[in-house]
Structure formats: C-alpha cells, structure tokens
2 protein chains.
Amino acid sequence: MPRTPTVSPDRILQVAAREFADRGYAGARVDRIARLARVNKAMLYYHFGSKKALYRALLLQVFSHAGQRLTAIADGPGPADRKIHDVIGAMGAFVAEHAFFPAIMLREVADGGVHLDRETLAALAALPLTVGAIVRQGVAERTLRPLNPIAAYFTMFAPIVMFMTGAPLRGQLTSRQLVDMSKLPPERFVEQLQESIRLAFTAR
Amino acid sequence: MPRTPTVSPDRILQVAAREFADRGYAGARVDRIARLARVNKAMLYYHFGSKKALYRALLLQVFSHAGQRLTAIADGPGPADRKIHDVIGAMGAFVAEHAFFPAIMLREVADGGVHLDRETLAALAALPLTVGAIVRQGVAERTLRPLNPIAAYFTMFAPIVMFMTGAPLRGQLTSRQLVDMSKLPPERFVEQLQESIRLAFTAR
DNA sequence: GTCTATACTTCGATAGAC
DNA sequence: GTCTATCGAAGTATAGAC
C-alpha cells in the first residue's frame, strides 16, 4: 500500500479520509479534497459522482476493512475472553494504521447514519455483530460473566474511539495549561483498557 | 425551568442545542435555529452576535452545568469507589435531562475544540480534572487499583457518551434489520456500565 | 427590541472544449 | 480522462425602517 498512490481515485480517497475525519461531512469541502489530491474538481466528480457518493465509498471501504479484522478473530479458535483482548488490540492496531478512522466513526454516530446507504450501514453493523458473537460464546462457555452484548460493545470500543479521536483536543487543553492530558501514549492506553475490560468482563 | 421559555435568548439556546447536537457546528443552520425559536435572524444576531458566539454560549452553559454535578460529588464525603459509581450515575442523569449533551460532547472531541475559546475549554477541562481527582483519592486510600486518570476518564465516560448519542444510528440499524440494537434502555446501560467499571477499577 | 430586504461569500455541481 | 470557467443554491451576516 503506497503512501502516495499514483492513481487518482486512490489519492482522492486518501485525502478525503483526512478531510471528512477532521471536519465531518458537512464541514468537508470538495474543493479542498480535490486540491490536496492534486486533481481538479471535475475529475473528482467524474470518478465519484457526488460528495455523498465519495463519502459512502470511503466509509464502505474503511468499515469493511475494520470488520474483516474483527471477524477473523471472532471466527478463529480460542476462548472468548482471549478474543475480547485480541479484538481490542486489533482495533488499536487498526487505528494506528488508519488515524482517520476513529473520528469518522465518532462523527457517523453523531450524524445518526443519515449520509449512509444500506450497504454502508451493513458494513458498519458487522462491528457490533461480531462483538456480540464473541460475548455470546463467552457467556455460553462461562469465560465471560453474563453481559448484554450491546453494552459490552460500547464499553470496550467507545473508550478507544474517543481517546484516539480526542488527541487534538487534549493537545489544546494541555498547551493552554488547563489540564495536562499529554502523558499517555496510545499503546499504553490500549493496554490499560485491555486490563480494565478483562477485569470487567471475565467470569470468576 | 419552563419547557418553552418565553424569553428569546433562552428559547434560542434551547433550539440551538438540538440543532448543534443533531448537525454539528458546520452543519447547523442559523436560519433554522431562528425559525424554530420563532425569532427572526436579525434578532438572533442582536442577542448573540454570531453563529460562533451562540455556539460558545451554549457550550459554556452546558459544560459548566455538567462540571458542577461532578464537582459536587468529587468534593463530597465518602470513598472514591463510591464516588466513581455516583459520577457515572450523575452523568447518566444529566444526559437524561439534557438529551443533546452527549452529541455535542462527541462532536467537540472530533472537532478538536477549534470553535471554542479559552473560557469554554476551561469549563470542558473540569470534567477530566474532577475524575482525575477522584481517581487519585482512590489510589491513595487503596479503594481503587492503580489507574491512569486519563485512561480512567475515557473508560468510564466514553461508553455513556457514545451509547446515548448513538440512539438514532441504532434505530436505523435496527429498523433496517441489520442488527437488533433496540433492547437496552439507557437506565439499564448505565447500571451495566457501573458494574463493569466497579469490577475494573476497584482494588482487591 | 423587532422586522424586511438584501449584500456578500462560499459551496456543490456541471457545461463544454480538448 | 482532463481541464477552465461558471452557474445556481444556500449560507452568514447586516443595513436600515419602525
């Protein structure tokens, strides 16, 4: 996966990812995406048709990739408590590779999915579905305590998504000397979360 | 606190809360806020000066209120593990009273605080500061296990904020029969989170 | 304090030549 | 596939009468 794709559509998607993550659907500017991707606007519309279609193409791609990571773990062997640990780690790794992902996820939650079609929503739905499957496995095999799958999904993923998205805001609060929120690298946050979720979810 | 304030500025703030929560700063429309608040646009600008000033006034108000709730608990008597439980409950109650709050919080995290001034950022900073104080108390008195205060803050609040904000998206996923995420009322989610955080944070 | 009308800007999208 | 030029809609904000 090259850092600077030579093909226009790929380069557009890459720039669009940052633009939509940083500014949201309403705040994103097609002009800016085209300029940063070094294509003119007409070219962008030629490839994607509309701002909304570009947004959907991007989200479908990223949600599908994220879903595949989780599904691979859920469908693999091993006890559910181990899978929970691995799934949190996989999400942390996915965010490390795709820094724009958590902000997009956050914004789509806030927007209520209004810009998405059924296909993109289905790709998004794979995430809670996969976690739900692991939780049900764990409760059945008694490696996890009885948990509501939806509650478990939010309890394990919301912290990672909000922490990763919140880096710029933490930077502002820290640099303005309002709170010092600078001393926790992402990898350590993931470890701490894994430990908290292990204590919270494991049957005993 | 009347449901339909008679004074224009109050009514504008109330409508603006829903508009900014539903659509974000960039997506919010001053025209729509004015129309729904039954004032004309010139009146809105007369009272608040600009879209940004209106946004800041709203966020300053809501962050201050939320911060006061938490501070009251943190400064009160009792062991820290109990305060953690109460603070989660207080946040759940605050959201029940101000349904727009979690979406605003989520969007501001994603926007990186770019629309806020120092005063509003300070009001926001009170939240992690207060949780940090409770965590430090608990670690000192050995009612909580050693925890990074920042990690603790995100672990306990991110789930509540994302779950509450995500109601419309869950509704879409459920009604389109992609996942059934409809069977978990907010109060039960808060209880489940309190139990998970108790297990995750308590020293033993 | 309240209104109508409008100035000014920006945005998404397209026409049409090459 | 690629470009320049531009259109029409929509947005924030204000002027100026009452």
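Below, read A as the first sequence line, B as the second, and so on, with proteins coming before strands; counting in each chain starts at 1. On a predicted model such as this, the values are computed, not experimentally measured, just so you know.
The aromatic rings of A/His98 and A/Phe94 are tilted relative to each other, their planes meeting at an angle between 30° and 60°. Classified by interplanar angle (parallel below 30°, tilted 30° to 60°, perpendicular above 60°), the ring pair A/Tyr25/A/Phe20 is parallel.
Here the nucleotide nearest the side chain of B/Asn40, chosen from C/dA13, C/dC3, D/dT4, is C/dC3. Nearest to the side-chain atoms of B/Met43 among the listed nucleotides C/dT2, C/dC3, D/dT12 stands C/dT2. The side chain of B/Ala42 lies closest to D/dT14 when the candidates are C/dT2, D/dT14, C/dG12.
Donor-acceptor pairing under 3.5 Å is recorded for the side chains of A/Ser196 and B/Arg145.
Annotation: B/Arg82, atom CZ; neighbour count of heavy atoms from other residues, nucleotides and ligands within 6.0 Å does not exceed 12.
Looking only at side-chain heavy atoms (C-beta outward), A/Leu178 and B/Arg118 come within less than 4.5 Å of each other. Two residues are said to be in side-chain contact when any heavy atoms from C-beta on lie closer than 4.5 Å; B/Phe100 and B/Glu19 fail this criterion. For the pair A/Phe189/B/Ile150, no side-chain contact is recorded, criterion being any heavy-atom separation below 4.5 Å from C-beta on. At a threshold of 4.5 Å between non-hydrogen side-chain atoms, the residues A/Met105 and A/Phe157 do not count as touching.
The cationic group of B/Arg170 lies under 6.0 Å from the six-membered ring centre of B/Phe163 and within 45° of the ring axis, placing it in a cation-pi geometry.
Look at NE2 on A/His47: it is 7 Å from C1' on D/dG1, rounded to the nearest Å. Following rounding to the nearest Å, A/Ile33 (CD1) and C/dG12 (P) show an atom-to-atom distance of 8 Å. Between the CZ atom of A/Arg35 and the C1' atom of C/dC11 there is a distance of 14 Å, given to the nearest Å. Atom pair A/Tyr46:OH and C/dA15:P shows a separation of 15 Å (rounding to whole Å applied). A/Tyr45 places its OH atom 19 Å from the P atom of D/dT6, with the value rounded to the nearest Å. Between B/Lys41 atom NZ and D/dT12 atom P the separation is 7 Å, expressed in whole Å.
Near DNA chain D, meaning a heavy atom under 4.0 Å away, there are no residues from residues 18-32 of chain A. DNA chain D is contacted by B/Ser50, B/Lys51 of residues 48-58 of chain B, taking any non-hydrogen atom closer than 4.0 Å.
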